[in-house]
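Okay, so here's the structure we're looking at.
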There are 2 protein chains.
Amino acid sequence: MKHNLIIADDHKMFLDGLLSILKTESNYNILYTAKHGGHVKKYITINTEEKIDLVITDVTMPEVDGIALNKWIKKTNRNIKTLVVSMHNSPKIIDELIESNVDGYLQKNAQKEEFLQAIETILGGEKYFSKEIKDIYLQNKFEKNKEKEIKLTKREVEVISLIAEEFTTQEIADKLFLSKHTIESYRKNLITKLNVRNLAGLTKYAIKKGYVSS
Amino acid sequence: MKHNLIIADDHKMFLDGLLSILKTESNYNILYTAKHGGHVKKYITINTEEKIDLVITDVTMPEVDGIALNKWIKKTNRNIKTLVVSMHNSPKIIDELIESNVDGYLQKNAQKEEFLQAIETILGGEKYFSKEIKDIYLQNKFEKNKEKEIKLTKREVEVISLIAEEFTTQEIADKLFLSKHTIESYRKNLITKLNVRNLAGLTKYAIKKGYVSS
DNA sequence: TTATAAATCCCTGTTTTCGGGGATGCTTAT
DNA sequence: ATAAGCATCCCCGAAAACAGGGATTTATAA
């Protein structure tokens with residue numbers, strides 16, 4: 001029996017490419033293609049009688065993006081599988097998708113064979129992630145756990161950012177309308193908290209966290 | 001008269017997508033599609049009689065990549081236009097391509113309209129780069145020029161690295177078997193030379209240059 | 001409601017950084 | 001050969017950072 005697919009991507013070219021490789025396989029039936037997630041939600045909502053096996057979706061789309069669409073599908077229709085394809089492999093996106101139970105993730109520059117492999121795997125009831133994606137996800141989890149205990153407060157983030165921007169204690173105090181003693185306390189606490197030795201360590205931390213750009 | 005195109009990309013899906021949007025326009029004639037640059041070189045070398053207007057190529061391909069292919073084409077056949085498409089927009093790649101006289105550059109996630117626009121522009125004899133790509137290129141040039149004069153000596157690199165690794169002047173002096181005054185001089189010179197204000201600035205510079213990891 | 005965490009401020013003393021100087025050899029190009 | 005650049009060392013004084021305490025008020029969570 002044929003499997004029913006929906007594809008969502010606002011890039012005509014990618015869509016055409018995907019359709020062309022799916023056409024070579026005879027056992028897929030493309031129910032619907034959409035330019036953004038909202039259309040897919042509407043389609044699924046209306047066609048309740050239809051068996052939908054898999055939604056293939058891009059991440060970046062206007063209005064309702066792939067992440068939101070995946071969340072919505074997984075919340076409302078747990079028997080619809082989802083495969084997300086994306087240009088980029090940002091740990092944040094991957095994490096959010098996996099946490100919301102996506103069935104597979106592929107980079108857009110994957111080869112034809114991998115696409116078909118992923119679709120087959122997912123329709124068979126398993127998850128599909130390339131080794132690279134799994135590594136990114138785990139690496140991210142690992143780092144988060146390592147740094148979990150260390151939570152900086154809003155003020156601390158403000159202060160460490162300004163430190164990394166090369167301002168002195170007095171300047172930061174003036175900027176934030178605080179006493180220089182206060183900033184000194186923050187610096188001291190940050191050095192202890194982050195287990196570093198001096199401004200260089202604080203600066204590196206700020207860069208790693210993206211509070212400032214190097 | 002129809003324009004003759006060659007397309008090189010090792011991703012079947014992208015190729016199919018591109019072909020499908022080119023098919024909607026009747027005035028393009030696809031002479032040849034290839035999985036890597038070497039095939040294109042061979043094709044061009046053999047078919048000397050044929051008028052080839054434009055080669056559209058991916059950057060990352062096995063064996064001969066898009067950058068090498070573009071260089072080769074521009075060196076041997078100055079009347080063949082080139083359009084490079086890529087997943088990413090790394091300043092390095094963009095710079096290298098523009099310096100070797102590519103006629104256009106597009107990200108793979110561009111919309112159909114932009115693809116056709118780019119091809120038309122290039123066939124009309126002009127260059128095509130999106131505003132974003134131009135910005136990246138110029139930004140890169142600007143930064144390179146800004147940093148060109150600033151050349152750190154071996155010793156300076158050693159010292160700034162250790163500073164960014166959170167060692168104090170005295171510790172660095174001990175490590176390098178130098179007087180603490182020497183290290184102080186280096187620190188002072190570095191701050192002046194690099195036009196920063198303090199250790200935070202030095203640390204950021206060291207990270208940007210890859211002397212230490214954040 | 002009662003801890004706990006966050007934000008703010010203060011003191012003392014030591015060490016380091018920072019911003020000026022300048023000096024001496026030793027290479028390396030011009 | 002002479003200038004320029006590099007590596008090394010030194011001094012001084014002011015400013016800032018570092019290390020170690022502690023205190024108060026206001027949210028917030030247990």
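Naming: A, B, ... by sequence-line order, numbering from 1 per chain.
A/K154 has its NZ atom 19 Å from the P atom of C/dA5, to the nearest Å. In this structure, B/L202 atom CG and C/dT17 atom P are separated by 11 Å, rounded to whole Å. Distance, B/L152 CG to D/dG5 C1': 14 Å, rounded to whole Å. B/D174 places its CG atom 15 Å from the P atom of C/dT15, with the value rounded to the nearest Å. Counting to the nearest Å, the P atom of C/dA5 and the OH atom of A/Y186 are 15 Å from each other. Following rounding to the nearest Å, A/E158 (CD) and C/dA6 (C1') show an atom-to-atom distance of 13 Å. Atom P of nucleotide D/dC18 and atom CD of A/Q170 are separated by 16 Å, given to the nearest angstrom. Atom CD in B/E171 sits roughly 18 Å away from atom P in D/dA17 (whole-Å rounding).
In this structure, A/L199 and B/N189 both approach DNA chain D, and ranking their closest nucleotides by distance from the 5' end singles out B/N189. Looking at which nucleotide of DNA chain C each of B/S185 and B/I191 is closest to, the 5′-most match is held by B/I191. Projected onto DNA chain D by closest heavy-atom contact, B/K180 and B/T153 fall at different nucleotides, the more 5' of which corresponds to B/T153.
Contact check, B/H181 against D/dC11: a side-chain N or O comes under 4.0 Å of OP1 or OP2. The side chain of A/S179 contributes an N or O atom lying less than 4.0 Å from OP1 or OP2 of C/dC10. For the pair A/T169 and D/dA16, the criterion of a side-chain N or O lying under 4.0 Å from OP1 or OP2 is not met. In terms of phosphate contacts, B/R155 brings a side-chain nitrogen or oxygen within less than 4.0 Å of OP1 or OP2 of D/dT8.
Looking at heavy-atom distances under 4.0 Å, A/T182 makes contact with a base. Within the nucleic acid shown, A/T192 has no heavy atom closer than 4.0 Å to any nucleic acid atom. Among the atoms of the strands shown, none is found under 4.0 Å from any heavy atom of A/E184.
A side-chain contact (heavy atoms from CB on, under 4.5 Å) with B/R187 is found for one member of B/I183, B/I191, B/L190 and no other, namely B/I191.
Atom NZ of A/K51 has more than 12 neighbouring heavy atoms from other residues, nucleotides or ligands inside a 6.0 Å radius.
Closest approach to the B/L178 side chain among C/dC9, D/dC10, D/dC9 is made by D/dC9 (side chain taken as heavy atoms from C-beta onward). The side chain of A/N198 lies closest to D/dC18, out of D/dA16, D/dC18, D/dC11.
B/V59 has its side chain within reach of B/I67: a pair of non-hydrogen atoms, C-beta onward, lies under 4.5 Å apart.
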(request) Start with the C-alpha distance between B/E165 and B/Y211, add both sets of side-chain angles, then the distance that settles side chain to side chain donor-acceptor pair (under 3.5 Å), and finish with yes or no. (result) CA-CA 10 Å; B/E165 282 169 40; B/Y211 299 148; over 6 Å; no
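Ring orientation note: the planes of B/Y32 and B/Y43 are close to parallel, at an angle under 30° on the 30°/60° scale.
On a pure distance criterion of 3.5 Å, no polar donor-acceptor pair joins the side chain of B/K151 and the base of D/dG5.
In summary, B/D103 and B/K74 engage in a salt bridge, as defined by a charged side-chain N under 4.0 Å from a carboxylate O.
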